[in-house]
Every structure is written in structure tokens, then in C-alpha cells.
Amino acid sequence: MILKTILLQFLQLHSQTFLLSSDESTVRLLKNSTLQAEPDFQRNDQQIFKTLPSESPGFNGRTSCPHWFDINDSKVQPIKEKDIQQQFQGKESAYMLFYRKSQLQRPPEARGNPRYRVPRHLLSEMDAANIELQTKRAECDSTENNFELHLHLGPHYHFFNGALHPVGSQTESVWDLTFDKRKTLGDLRQSIFQLLEFWEGDMVLSVAKLLPAGLHVYQTLDGDSLTLSEIELADGEDIFVWNGVEVGGIQIPAGRDCEPLLLNVLHLATSSEGGKCQQLIEFPHVFPSNAEVGTVFTSLAIPGGVVLINNTESIGEKNWTTIPKVDLKKTFREQGLRNGSSILIRDSNHDNSLLAKQEKWITSMNEIDWLQVKNLCELESEEEQVRISATVNTVVFDIRIKAIQELKLMKELAENSCLRPIDRNGKLLCPVPDNYTLKEAGLKMGSSLGLCPGRAPTSSQLFLFFAVGSDVQPGTEMEIIVEETLSVRDCLKIMLEKSGLLGDAWHLRKMDWCYEAGEPLCDEDATLKELTICSGDTLLLIEGKLPPLGFLTVPIWWYQPQHPSGHWKSHQDRRNCTPSQGGIWRAISAQGAPGDVHAEVSLHYLGDIDISEDATLMELKSQAMTLPSFSEFVIPSPAFLRAWTVESKRPSRLLRADQQQLKEYKLGRRTEICLEPLQKEENLGPQDVLLRTQMRLPGERAYALPMNMVWDAARGWTAGSLRQRVADFYSLPVEKIEIAKYFPEKFEWLPISSWNQQITKRKKKKKQDNLQGAPYHLKDGDTIGVKNLLAEDDDDFSTVTDDIGKEKQKQLALGKRKSQEALRVQSSHVFSGAETPARPRGPEASLSIHVGSFR
């Protein structure tokens with residue numbers, strides 16, 4: 001009722017514009033607000049809302065728009081006059097408002113000037129937004145239309161063994177080129193001409209591909225007027241640049257038909273007397289895919305014989321198929337051979353008793369091999385080791401019994417001995433069950449096994465290594481055989497008893513793949529099988545009782561540089577650090593070290609706290625302040641503390657967001673935390689990076705005191721952004737500074753440059769898009785050296801301490817190498833005997849692991 005009363009008063013007050021019905025149920029907008037409303041409000045609605053064509057601005061110059069528009073919140077659309085009444089009928093329509101367009105009078109200087117009387121700060125924001133938009137458009141355009149080509153230069157290649165191979169290094173023979181795929185092939189050819197100043201004569205561009213045999217040339221690129229997109233060149237395509245005829249004086253076969261195949265060729269070795277022995281020789285060889293299979297005899301200088309092929313990739317179960325003589329004229333491709341396939345060549349008069357029917361030839365010659373067994377039973381024998389013939393399907397028990405017989409040992413060992421593999425370092429591995437075949441045990445032909453006293457574990461038992469502490473030296477592990485249904489608590493008791501240790505303040509950890517103590521086995525009531533403990537695993541006895549489930553025991557350290565900020569020490573096997581009283585680890589200072597030459601960076605152990613994983617970081621700081629050792633420090637509140645994780649006895653990862661729960665940081669049960677005092681409270685955002693900056697002293701190989709600098713990386717972790725922040729921090733021109741990141745573990749400085757280019761003559765310098773990635777791996781707490789080029793213009797960031805540290809690292813590496821050689825010699829004395837022939841190893845392959853940013 002209140003709203004209706006207000007609307008009625010408003011309409012009555014503006015009667016020259018609105019026409020209200022007598023029953024106050026409808027309202028109409030007068031056609032011309034300057035005229036009085038006609039008393040007959042019941043006249044036809046079409047006459048009220050009708051707009052004559054002559055009233056349009058094109059005819060009489062009126063400024064009002066001759067159309068109706070429905071404005072419904074953010075949605076505006078034209079509406080016909082006949083639909084206006086229906087548009088606002090129903091219970092959902094509370095009220096409606098009418099608007100008439102008014103003429104905006106603008107001065108002449110405002111016409112055509114969109115920036116007229118716009119506030120300066122808005123213009124600045126608009127210009128910055130436009131520049132950012134143009135930059136993003138350029139980057140998007142570059143990302144969408146630029147692609148990378150690998151140019152293989154013909155003069156740096158030679159044709160060998162059926163394929164092209166680089167003569168020199170990869171850098172000289174392959175150049176990377178980033179090019180716009182909207183440009184034509186002619187533009188690409190011209191750019192390569194400019195890039196290769198030494199090129200003379202015709203230039204032919206051909207699509208190539210790296211195969212296992214080497215580089216092979218396919219089709220030639222024609223049509224200089226076509227764009228690279230029309231030619232359908234892919235990103236990362238290999239392009240061979242040559243004269244189109246020969247390379248190094250040799251005519252090059254091109255095309256898919258003559259694609260080279262890398263095949264494994266096997267045949268019987270020839271003995272010193274000229275006869276055939278029972279040992280197979282395997283070697284790789286390249287054949288053109290369109291060559292006849294019969295050419296294998298001429299290529300290998302073999303008079304003749306029978307050819308068998310194998311296209312399976314599984315090892316140990318090779319199905320060999322013979323090729324009839326009439327099919328020797330077929331090509332390798334027609335026979336279905338591909339890269340990695342095997343060819344076996346045998347004499348035509350060889351014993352074929354092992355051949356199956358229906359021309360399916362299955363040979364066991366390749367499966368016949370040997371294993372070397374050494375006597376480690378501490379019993380004298382005529383032979384220290386013997387070679388036992390076996391196949392992949394031979395049972396381990398048969399090998400063990402045959403080894404005992406050939407070593408002429410006591411028959412009693414048949415009931416109390418086992419075979420254990422020996423790795424390349426001479427370490428005895430887990431015993432192999434007698435009922436396993438060599439294939440099931442994962443043993444390769446040519447492996448060395450040790451015949452040891454004691455039975456092998458059964459199928460329900462586990463053979464485990466264990467040691468005391470996390471610093472495990474090779475050869476110091478102890479061994480134990482337990483049931484897989486044994487609980488962690490009972491296993492711990494057995495290991496403590498065997499180690500001669502007392503007390504219950506111990507727990508077990510499983511050694512991880514880095515040979516370090518992994519996560520503890522928290523559930524002591526769980527069985528070893530439930531925790532996926534397998535035979536051969538190493539468990540570590542670690543002192544200290546585990547906290548209850550859901551709680552963490554966190555060691556707390558105190559980190560306080562003696563100056564506004566300090567440079568963290570590098571902990572190298574405790575050689576660069578010396579423990580002092582009170583559990584303090586201090587870095588040894590030396591002249592020229594980054595930071596103050598008299599300052600010491602120390603971590604002072606305060607104690608352990610037990611805290612729930614659901615607690616916040618602020619609660620952890622508050623609980624740490626209650627430790628007795630904390631009483632000697634004066635801190636107003638937990639907000640004046642900065643928390644870091646500790647790795648290798650130095651601060652590592654910055655923990656921000658005081659109200660975040662500890663379980664969200666995924667600290668783990670081995671995490672240690674150090675607390676750093678602050679002069680004032682800080683609130684670092686998720687994109688803020690805390691760095692330690694140090695200005696280089698002119699004329700000296702030393703730096704001024706470190707200073708904390710916060711860098712907002714919201715616009716990207718780019719080198720240009722960081723250089724600009726450092727320049728602003730020190731009030732220097734950005735072009736007059738050089739910066740470098742310090743790697744304390746290597747005593748090296750890596751300059752950070754924002755320079756990049758798309759093409760160079762010798763190689764492409766990859767754009768440094770993100771400092772979080774390789775090679776900088778920038779993170780909170782890193783040290784950034786700053787050099788003022790106005791005072792000192794050279795590229796040396798190192799200090800005297802860096803030289804000393806590198807020399808110590810060399811001596812340390814030399815000593816470690818000598819100790820490894822001594823250990824190898826000692827192992828060779830233990831496992832002396834005939835030298836085991838080295839098995840051929842497969843080619844090494846690169847491995848890339850992409851890890852996201854966890855902050």
C-alpha cells in the first residue's frame with residue numbers, strides 16, 4: 001500500500017507526462033509531454049502510442065528516437081508498440097518506468113575526441129590496459145602462428161650405414177629456427193640464405209625424419225608462393241638443407257620406399273679353428289626397406305643359408321619364422337620387418353630337430369645361455385665359481401643343485417643353501433625362491449649368483465634388510481626373514497633384539513628410492529603385507545617414538561641473522577659447518593663471502609612440539625613460543641615470526657598464510673621448521689616472492705649486507721620483471737644493473753638476463769619465460785647478487801669464498817672417488833674369479849620430468 005501511494009502521488013504530480021485511468025489501474029505515457037493530456041483516456045491505445053513516420057529525425061529534425069526499447073536490467077532490446085501492454089501485464093510486473101532520450105550538448109572540441117575531459121588517472125589506466133592488451137595480442141599471435149623448425153645442414157652430415165649422420169657436434173649440424181607459418185616457402189628459403197652466410201649454389205629444402213638408423217630424407221618442398229600452413233609443415237619439423245643431389249659426394253636415396261630399417265642380425269660365431277660354435281652373435285645392421293631379403297647374405301659376406309625372422313618385441317619368447325627361398329626376393333617391408341626386428345641366419349645343413357611343423361620354426365638356440373654361480377658357503381672347493389647352462393624356463397632349484405655338484409660341495413648343502421643375485425657393486429641381493437623360473441625371478445642371462453648358506457624364504461615369507469639410523473653405509477645392513485603377516489610392532493621388536501638395542505623409543509621407516517629414510521610406518525598394528533613391504537626392501541630403525549595418529553612431532557629451530565638479513569650457509573656433509581654448544585649449527589665465515597664477512601648464520605635448536613595436523617601455522621608459532629629455550633628471545637606476538645621448512649640444515653620453503661592448516665602444507669612427518677624474527681608484521685600475498693639481495697662492492701670480490709626484497713610476481717616470473725623490481729629497489733636505471741642468482745651448494749652465480757632473440761646464426765637461445773623453471777628454479781629465500789654497471793663493468797659475480805668452496809668440493813669428490821675404488825677392489829677380492837663378460841647395454845634415452853609449482 002505504501003508503494004502504491006507513492007506511485008499515485010508521483011503520477012498525479014507529473015500529469016503533463018502520464019495519463020492515469022479513473023480507477024487508478026492503468027497508466028499511459030502521453031505522446032507529447034508539452035501538451036495537456038486528453039481527457040478521454042479510454043481512446044484507442046493504438047492512437048496513444050502511435051508514432052507518425054514524419055516525426056522521425058530524418059524528416060523534422062527531432063532528437064527523440066522513433067522506437068521503443070525494453071530495458072530490463074542489463075538486457076536492452078527493441079519492442080513493438082503493440083507488445084508494450086502485454087509486456088507489463090501479470091502479477092510479476094510491479095511497476096514500469098518510461099524514459100525519453102535527451103540531447104547531450106558537447107562542445108566542438110569534444111567531437112571526435114574520445115579522451116575529452118576524461119580524468120588523467122583513468123587515461124593512464126586505459127593506456128596501460130591497452131598496452132597490456134597489445135602485448136597479449138602479440139604474444140597470442142606469436143604463439144598461434146610461430147612454430148619451430150630444426151634445420152639439418154647438409155655440409156655437416158655424411159652418409160654412413162644407410163642413413164645420414166652428423167659429422168661434428170649436434171650444435172653445428174642442427175640449427176633451430178622459429179618462423180611464422182603464415183609466410184611463404186620462398187620467405188623461409190630467403191631467411192635460411194641470410195642465416196647461412198657460407199652457403200653457395202642451389203638450396204633444396206626437404207622434409208626429413210630421425211629414425212633409429214639415422215636421419216632419412218623424404219619429400220622435397222616445392223612451391224615458393226605457398227605458405228607454410230598450406231604446405232602442412234608441423235611444429236618441430238626436421239628440414240634437411242642440401243643441394244638436392246648428394247652429400248659428401250654420395251648420392252642420397254630419398255623417399256618412403258627406401259626408408260632405412262635398423263635390424264638385429266644373429267648368427268653363429270666362428271671358432272678359432274674355422275668351425276661354428278654354439279654361441280650366437282647379435283649385432284645391429286641397417287638395410288633399405290625396399291631391398292630384397294636375400295641381399296642380407298651379400299651385405300654380411302655370408303655364402304648362404306636359412307633366414308629366420310622375428311617381429312615380436314617380447315624378450316625370451318621369440319617366435320621365429322623361416323623364409324622360403326622363393327620369398328628371399330621379397331623386400332624387407334613386404335616381409336613385415338620394422339625397426340627392431342630380428343633376423344637369424346643359420347647354415348642350410350644345420351640340425352633342424354627343433355623345428356616345428358607348418359613352417360613355424362621355433363629355435364631354442366637363442367634361449368640357451370648361462371649363469372655364473374660363485375661359492376659363498378665358506379667351504380673349500382676345487383672351483384670358486386662355475387658356469388651353469390640354463391634357459392629362461394629353467395627352475396632355480398635345478399641350477400642350485402647343479403652348481404653344488406659342479407663345485408663338488410657337500411650334498412648336505414642341498415637342504416640348507418640358496419642362490420642370491422650379486423649386483424654390479426658386489427652386493428648380495430634377496431635370495432631367489434627355488435620354485436621360481438629364471439623368467440619369474442627376473443634374472444637375466446649372464447648374471448652372477450652367489451651360493452649362500454641358509455634357506456630361501458617361502459612364498460609367505462619376506463627377506464628384509466635393516467639398519468640402525470638413516471646414515472646407512474654400503475655393506476652394513478643386517479638381514480632377517482619374517483612372515484609377511486607379522487605386524488610392524490613385532491617386526492620392530494625382532495630387529496631391536498637382533499641389533500642389541502633396548503627401549504621402546506624406536507620406530508621403523510622404509511628406505512625410499514633415493515636411499516634415504518622415507519615416511520615412518522605409523523600403523524604399528526598393520527601387517528607388513530598390508531603396508532606393501534616386499535622382499536628386498538630395507539627398513540631403518542630410527543630413534544624416537546612416533547606421535548599419535550593425526551599429530552606431528554615438529555623439531556623447531558631458531559634462525560636469526562645478526563644483521564637485517566643473512567646469507568644462508570651451504571651444508572656439505574658437515575664439513576663447512578661446526579656444531580657448537582646448545583645445538584647450534586653455524587656456517588664458517590670467510591673473507592669475501594656473500595654478506596658481512598664477520599656475520600654468522602646459525603640455526604639454534606629449540607626443541608620438539610607435538611601438534612595436530614588440523615592446527616594452523618599461527619598456532620604452531622604460538623606453541624613454539626612456549627618452549628623453555630624460547631624464553632631468551634623477546635618476541636611481541638607470533639605475527640612477528642616468519643616460518644621456514646628446514647632442509648640440509650638451512651631454511652628452504654617459506655610458509656605463508658598464518659591461518660592455513662598444517663595438513664594443507666603437506667609437511668610430512670620428517671619436516672623441521674625454523675622461525676625467523678621480524679622487525680614488523682608482514683602479510684605476504686600468494687604471488688609475493690621474498691628474495692635476499694646483495695649489492696656488489698666496486699673493486700672488491702665481496703658484497704654489502706643482504707637486504708630483504710619482496711617481488712610481486714603476479715604479472716609473471718620473467719627476468720625483465722625481476723630486473724625492474726631490483727632496479728627500483730636500489731634506485732638505479734634498469735639498463736645499468738646486472739643480477740645473478742647464487743647457488744650455495746655449487747658456489748656458483750648464474751646471471752639472469754632478460755635478453756632473448758628468435759634466431760641466431762649458430763644456435764637459438766631459448767626464451768626464458770619463467771624463472772621458476774630451469775636453469776634458475778627461483779624460489780623464496782634465494783640470494784640475488786646485484787652489480788652496479790655505473791661503478792663496475794664486468795661479468796664476474798664470484799667471491800673468494802666461492803673459489804675456496806669449489807676447491808674443497810674437488811678435494812671431497814676426489815676422496816669419495818678413491819674410497820669407491822677401494823670398495824670396488826675389496827669387493828673384487830671377495831668375489832674373485834673368472835671375469836664375467838659384460839652384457840651389451842641398450843642405448844641411453846633422455847628422460848624429462850615436468851613438476852608443477854607448489855607454493
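Looking at heavy atoms from C-beta onward, Leu371 lies in side-chain contact with Ser447 at the 4.5 angstrom threshold. Side-chain contact between Ile323 and Val293 is present, with at least one heavy-atom pair separated by less than 4.5 Å. Residues Arg189 and Ile192 have side chains not in contact (no heavy-atom distance under 4.5 Å, counting atoms from C-beta outward). Taking 4.5 Å as the limit, every side-chain heavy atom of Lys808 sits out of range of all side-chain heavy atoms of Leu812. Using a 4.5 Å cut-off on side-chain heavy atoms (C-beta onward), Pro288 and Phe332 make no contact. Contact of the Val306 side chain with the Leu308 side chain is registered, since non-hydrogen atoms from C-beta on lie closer than 4.5 Å. The shortest distance between side-chain heavy atoms of Thr693 and Thr783 does not fall below 4.5 Å. Looking at heavy atoms from C-beta onward, Met445 lies in side-chain contact with Val392 at the 4.5 angstrom threshold.
Remark: Lys183 qualifies as a cation-pi partner of Phe179 under the 6.0 Å distance and 45° angle criteria applied to the six-membered ring.
Between Trp717 and Trp711, the ring-plane angle classifies as perpendicular under the 30° and 60° cut-offs. His158 and His165 have tilted rings, their planes meeting at an angle from 30° to 60° on a 0 to 90° scale.
Remark: Gln772 CD to Thr718 OG1 distance equals 11.5 Å, nearest 0.5 Å. From Leu149, atom CG reaches atom CG of Asp176 across 9.5 Å, with rounding to the nearest 0.5 Å. Taking CZ of Phe297 as the start and CD1 of Ile345 as the end, the distance is 6.0 Å to the nearest 0.5 Å. Rounded to the nearest 0.5 Å, atoms CD (Glu237) and CD1 (Ile231) are 10.5 Å apart. Atom CG in Leu261 sits 8.0 Å away from atom OG in Ser341 (nearest 0.5 Å). Note that the CD atom of Glu738 and the CG atom of Asp795 stand 9.0 Å from one another [nearest 0.5 Å].
A salt bridge does not link Asp238 with Lys209: every distance from a Lys NZ or Arg NE/NH1/NH2 to an Asp or Glu carboxylate oxygen is 4.0 Å or more. Ion pair Lys787/Asp794 flagged as a salt bridge, since at least one NZ, NE, NH1 or NH2 atom sits closer than 4.0 Å to an Asp/Glu carboxylate oxygen. For Asp782 and Lys779, the salt-bridge test passes: some basic side-chain N is under 4.0 Å from an acidic carboxylate O. Salt bridge absent: Asp712 and Arg725 never bring a charged side-chain N and a carboxylate O closer than 4.0 Å.
The local environment of NZ in Lys806 is crowded, with over 12 non-hydrogen atoms from other residues, nucleotides or ligands closer than 6.0 Å. By the 6.0 Å contact criterion, CZ on Phe193 is enclosed, its count of non-hydrogen atoms from other residues, nucleotides or ligands being greater than 12. Within 6.0 Å of the CD atom in Gln251, the count of heavy atoms belonging to other residues, nucleotides or ligands does not exceed 12. The neighbour count for Asp202 CG, taken as heavy atoms of other residues, nucleotides or ligands under 6.0 Å away, does not exceed 12.
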- Would you sort out whether Leu221 and Leu233 count as a side chain to side chain contact (heavy atoms under 4.5 Å, CB included), showing the intermediate values? CA-CA 10 Å; Leu221 299 178; Leu233 282 182; 4.2 Å; yes
- Message: Quick one, Thr220 with Ser206, criterion side-chain hydrogen bond (donor to acceptor under 3.5 Å, both in side chains). Give me CA distance, side-chain angles, the key distance, then yes/no.
- Response: CA-CA 4 Å; Thr220 299; Ser206 301; 3.3 Å; yes
- Message: Set out, in order, the CA-CA distance, both residues' side-chain angles and the distance that settles salt bridge (Lys or Arg N to Asp or Glu O under 4.0 Å) for Asp802 and Arg701, then state yes or no.
- Response: CA-CA 10 Å; Asp802 297 333; Arg701 296 186 66 193; over 6 Å; no
- Query: Between Ser229 and Arg182, is a side-chain hydrogen bond (donor to acceptor under 3.5 Å, both in side chains) present by the stated rule, with each step listed?
  - Reply: CA-CA 6 Å; Ser229 298; Arg182 294 171 297 182; over 6 Å; no
- Item | Audit row: Leu185, Leu226, side chain to side chain contact (heavy atoms under 4.5 Å, CB included) steps and yes/no | CA-CA 6 Å; Leu185 178 61; Leu226 298 177; 5.6 Å; no
- Message: Evaluate Leu263 against Phe287 for side chain to side chain contact (heavy atoms under 4.5 Å, CB included), listing each step before the verdict.
- Response: CA-CA 8 Å; Leu263 305 178; Phe287 297 95; 3.7 Å; yes
- Task: Given ring pair (Phe, Tyr, Trp, His ring centres under 6.0 Å), test Trp199 with Trp242 step by step and report yes or no.
- Result: CA-CA 10 Å; Trp199 192 272; Trp242 60 317; over 10 Å; no
- Task: Verify side chain to side chain contact (heavy atoms under 4.5 Å, CB included) between Phe240 and Leu164, making sure each step is shown before the conclusion.
- Result: CA-CA 10 Å; Phe240 189 65; Leu164 292 165; 3.7 Å; yes
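Looking only at distances, no side-chain donor or acceptor of Arg696 sits under 3.5 Å from a matching main-chain atom of Gly785. Between the Thr143 side chain and the Glu139 main chain, a donor and an acceptor come within less than 3.5 Å of each other. The backbone N or O of His777 sits less than 3.5 Å from a side-chain atom of Lys741, completing a donor-acceptor pair. Side-chain atoms of Gln194 do not come within 3.5 Å of backbone N or O of Ser191 as any donor-acceptor pair.
Contact record, Tyr742 with Pro744: O-CD, 3.4 Å, taken as the closest heavy-atom pair. Shown here for Pro421 and Leu443, the closest heavy-atom pair between the two residues is CG-CD2, 3.8 Å. Of all the heavy atoms in Pro260 and Ala163, the pair that sits closest is CG-CB, 4.3 Å. Nearest heavy atom pair, residue Met203 against residue Leu196, reads CE-CD1, 4.2 Å. Closest approach of Val689 to Asp780, counting heavy atoms only: CA-OD1, 3.3 Å. Here the closest heavy-atom approach between residue Pro733 and residue Ala727 is recorded as C-CB, 4.2 Å.
In this structure, a donor-acceptor pair under 3.5 Å is absent between the side chains of Trp749 and Asp796. In the model, Tyr218 has a side-chain atom that pairs as donor or acceptor with a side-chain atom of Glu259 under 3.5 Å. Donor-acceptor pairing under 3.5 Å is lacking for the side chains of Ser721 and Arg715. Residues Asn770 and Tyr776 bring no donor and acceptor atom of their side chains to less than 3.5 Å of each other.
By the salt bridge (Lys or Arg N to Asp or Glu O under 4.0 Å) test, Asp327 is found to be paired with Lys330, residues two or more places apart in sequence or in another chain being considered.
Tyr157 has its ring centre less than 6.0 Å from the ring centre of His152.
For residues 284-295, the set of pairs meeting the side chain to side chain donor-acceptor pair (under 3.5 Å) definition, not counting sequence neighbours, comprises Ser289-Arg333.
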